[in-house]
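Since the structure comes first, as structure tokens, the remarks are kept for the end.
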Amino acid sequence: MSTESVPQPSNFLRTIIEDDLACGKHQVIVTRFPPEPNGYLHIGHAKSICLNFGLARHFGGRCHLRFDDTNPAKEELEYIESIKESVHWLGFDWGQHLFYASDNFEQLYQWAEYLIQQGKAYVEDLTADEIRAYRGTLTESGKESPYRGRSVEENLGLFRRMKSGEFPDGAKVLRARIDMTASNMNLRDPVLYRIIHAPHPHVGNTWCIYPMYDFAHGQSDAIEGITHSICTLEFEDHKPLYEWFLANLPVPSQPRQYEFARLNLTYAVMSKRKLHELVNQHIVNGWDDPRMPTLMGIRRRGYTPEAVRAFCERIGVGRSDSWIDMSVLEECVREDLNERTPRVLAVLRPLKVVIDNYPDELVDEFEAANHPQKPEMGSRTIRFSREIFIEQDDFAEAPPKGFFRMTPGSEVRLRYAYIVRCTGVVKDENGTVIEVHCQYDPASRGGSAADGRKIKGTIHWVSASHAIDAEVRLFDRLFTDPNPDRGGADYKQFLNPHSVEVLSAAKLEQHLATADPEIRYQFERQGYFRPDPLDSEPGRLVFNRIVTLKDAWSKK
Ligand code: ATP
Ligand code: MG
């Protein structure tokens with residue numbers, strides 16, 4: 001993978017790990033990527049994946065994929081499969097190290113009993129609302145529950161009855177007995193187990209009590225021998241609890257938690273709740289809609305894993321919350337695609353041009369380089385004939401100042417082919433130009449005038465009789481506002497009404513008829529495109545615009 005050969009910038013986690021290895025604290029470092037399988041991965045997760053797998057790769061350690069599957073109510077097998085596929089797509093592999101927090105349920109249960117036996121956990125009968133009220137606030141200490149003083153025997157008996165299914169959902173919970181006056185709210189007797197009578201996607205009907213995330217996460221780290229448990233900053237407040245469990249349970253290892261700033265990306269929403277809403281309310285066409293910030297979405301759109309990894313490198317890893325502009329991601333995509341894509345000619349909004357002095361039956365052939373800087377990418381033959389299509393935008397009957405494309409009376413270069421002069425137009429009954437007539441200069445084959453006269457403009461074209469038809473989907477940002485998620489406002493009011501434009505009559509260079517869906521192209525002067533992997537088929541081509549050639553948003 002490319003990141004191995006490229007020197008990578010340091011970050012504070014690298015420094016910590018280098019020190020831990022240098023002083024012999026660890027021989028091998030072990031990290032993990034711990035998604036909850038309750039949705040599909042998004043670009044924010046890519047940051048965590050690149051960080052965790054990247055550190056392991058860099059230091060010759062390993063990175064586990066662990067499903068933090070403690071809440072059967074929201075989790076599904078479909079998400080598990082999709083998450084695995086997305087991690088692989090990004091270019092990372094967990095090898096043998098696939099884990100499920102739910103595989104530790106028996107051990108976690110034993111440890112819960114252990115805490116009870118140590119007098120460090122009790123069964124709570126208060127309702128969820130009462131627990132909340134007793135918990136106090138940031139400025140006011142909590143109040144002890146009347147059930148906090150239950151004996152070890154009573155607690156054990158009740159907890160076993162919870163496990164055997166005697167009580168309905170929500171009737172009781174198991175809580176740690178820590179400190180109701182702790183300034184850190186997470187230490188005010190946090191809930192460890194709750195009753196949920198629901199089958200679990202990984203362990204089926206084995207359990208009707210499920211551990212809370214906090215009780216499962218650190219202990220799973222310890223069981224797997226994770227050395228550096230890297231999470232986002234909102235877990236900083238949970239760290240004392242993470243450490244309390246490790247200190248109070250006979251765990252096999254002592255992982256350490258480190259926090260980094262999550263990725264916040266402008267013009268996008270990333271909360272799973274909102275992404276679910278966009279899908280469920282049919283605002284987008286599913287999780288893999290090319291406008292979605294999900295890995296499935298950007299993959300379908302045509303972003304490459306290399307570009308996403310380069311983006312994650314570029315934004316770095318720090319400890320202060322910040323926003324990354326969408327243009328940074330788009331620029332990484334452009335840089336990668338600029339290197340790898342063959343260039344082709346495609347006319348998205350065709351206007352017919354007839355070259356009146358070009359012989360009727362003649363077909364000219366030109367050899368066009370696939371990449372201007374990379375002769376090794378070869379060339380292809382493009383055909384020219386009497387009737388061609390150009391972009392509607394490339395013709396102006398009354399040109400604005402500085403317009404160097406096709407206008408009546410002046411000359412323009414047809415890319416790779418000839419210089420032509422527009423001699424007249426045909427209009428429909430509404431006055432719209434539907435056909436343009438030209439004369440070509442036979443001495444300008446290849447695009448330069450024999451007498452050396454300068455031609456300012458060059459436009460692209462396709463031969464009408466050779467071009468193939470395609471639908472082209474122009475995707476743009478899903479939101480018009482950089483912070484659709486900003487406090488209080490409904491993010492849906494910022495939806496971009498032009499986030500997709502479908503052009504159904506595009507005309508493409510002939511050899512795209514057999515376009516491989518995995519190949520991306522630069523449509524010259526237009527942007528980067530690829531066949532849609534689901535909707536495109538031979539005979540009915542559909543191309544997605546991956547990204548424009550230039551950032552059009554910074555000027556808005
Ligand atoms: P939710 O949207 O429901 O809060 P989540 O994004 O935290 O969920 P998880 O499945 O718990 O979803 O995330 C898996 C891992 O990815 C966690 O370690 C989490 O910290 C990390 N992660 C999630 N979002 C981001 C983000 N925007 N930037 C960096 N890492 C993230
Ligand atoms: Mg989470």
Side-chain angles (χ1 to χ4, degrees), residues 11 13 30-56 63-76 78-84 86-87 90 92 94 99-102 201-202 212-214 216-218 220-221 224 226 228-239 242 255-279 287 292-296 298 308-309 311-326 328-329 483-485 491:
N11 61 51
L13 290 166
V30 187
T31 57
R32 84 282 171 274
F33 172 63
E36 185 182 352
N38 61 353
Y40 297 94
L41 298 183
H42 53 60
I43 185 78
H45 293 115
K47 178 175 181 180
S48 176
I49 294 169
C50 289
L51 177 61
N52 281 292
F53 281 94
L55 286 169
C63 180
H64 297 181
L65 174 62
R66 181 197 320 142
F67 289 103
D68 250 330
D69 53 352
T70 53
N71 184 1
K74 289 189 182 161
E75 295 162 7
E76 287 172 30
E78 185 190 335
Y79 299 135
I80 292 179
E81 290 314 313
S82 155
I83 289 170
K84 287 186 193 167
S86 289
V87 174
L90 264 182
F92 298 103
W94 51 90
F99 297 91
Y100 294 82
S102 56
H202 185 61
M212 298 299 287
Y213 170 86
D214 279 328
H217 191 79
S220 297
D221 284 344
E224 292 175 28
I226 302 297
H228 299 79
S229 177
I230 299 165
C231 60
T232 40
L233 282 170
E234 65 272 22
F235 289 98
E236 198 169 10
D237 281 353
H238 295 238
K239 190 169 179 168
Y242 183 97
R256 235 186 114 83
Q257 174 180 309
Y258 299 92
E259 307 89 22
F260 71 101
R262 69 194 294 114
L263 168 65
N264 296 307
L265 193 62
T266 61
Y267 298 97
V269 297
M270 281 198 275
S271 108
K272 280 182 195 153
R273 183 182 65 76
K274 290 175 186 154
L275 295 176
H276 273 287
E277 205 168 79
L278 288 171
V279 173
W287 288 91
M292 288 282 271
T294 52
L295 297 185
M296 295 165 83
I298 63 177
V308 177
R309 293 198 302 260
F311 169 71
C312 292
E313 276 296 324
R314 188 163 304 174
I315 60 178
V317 179
R319 275 192 49 89
S320 48
D321 262 317
S322 64
W323 283 82
I324 302 292
D325 198 88
M326 181 66 98
V328 178
L329 174 59
N483 300 105
D485 241 347
Y491 69 98

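Computed from a predicted model, the values in this text were never measured in an experiment. Order of appearance sets the numbers: ligands from 1, and atoms from 1 within every ligand.
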Numbering the atoms of ligand 1 from 1, which are under 4.0 Å from a heavy atom of [X]?
| X | answer |
| --- | --- |
| Ser48 | 16 (O), 21 (C), 30 (N) |
| Thr232 | 20 (O), 29 (C), 30 (N), 31 (C) |
| Pro35 | 10 (O), 14 (C) |

Does some non-hydrogen atom of Phe33 fall short of 4.0 Å from ligand 1? yes

Would you say His42 contacts ligand 1, with heavy atoms under 4.0 Å as the rule?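 It does, in that a heavy atom of His42 comes within the 4.0 Å cut-off of ligand 1.
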
Does [X] use its side chain to pair, donor to acceptor, with the backbone of [Y] at less than 3.5 Å?
| X | Y | result |
| --- | --- | --- |
| Arg262 | His45 | no |
| His202 | Ser102 | no |
| Arg66 | Ala101 | no |

State the OH-CG distance between Tyr267 and Asp485, to the nearest 0.5 angstrom.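 These two atoms lie 14.5 Å from each other.
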
Polar contacts were defined as any N/O atom of the residue lying under 3.5 Å from an N/O atom of the ligand; does this apply to [X] and ligand 1?
| X | value |
| --- | --- |
| Glu36 | yes |
| Lys47 | no |
| Cys231 | no |
| Glu234 | no |
| Met270 | no |

Lys239 and Glu236: salt bridge (charged side-chain N to carboxylate O under 4.0 Å, His left out), yes or no, with the steps? CA-CA 5 Å; Lys239 190 169 179 168; Glu236 198 169 10; over 6 Å; no

Between Lys274, Lys272, Arg32, which one has a non-hydrogen atom sitting closest to atom 3 (O) of ligand 1? Lys272

Specify the closest pair of heavy atoms between Leu265 and Trp323, including all atoms of both residues, with the distance to one decimal. O-CZ3, 3.5 Å

Tyr242: partners by ring pair (Phe, Tyr, Trp, His ring centres under 6.0 Å), with sequence neighbours left out: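 Tyr242 satisfies ring pair (Phe, Tyr, Trp, His ring centres under 6.0 Å) with no residue once adjacent residues are dropped.
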
Going by side-chain contact (heavy atoms from CB on, under 4.5 Å), name the residues that satisfy it together with His238, two or more places apart in sequence or in a different chain. Asn186, Asp214, Phe235

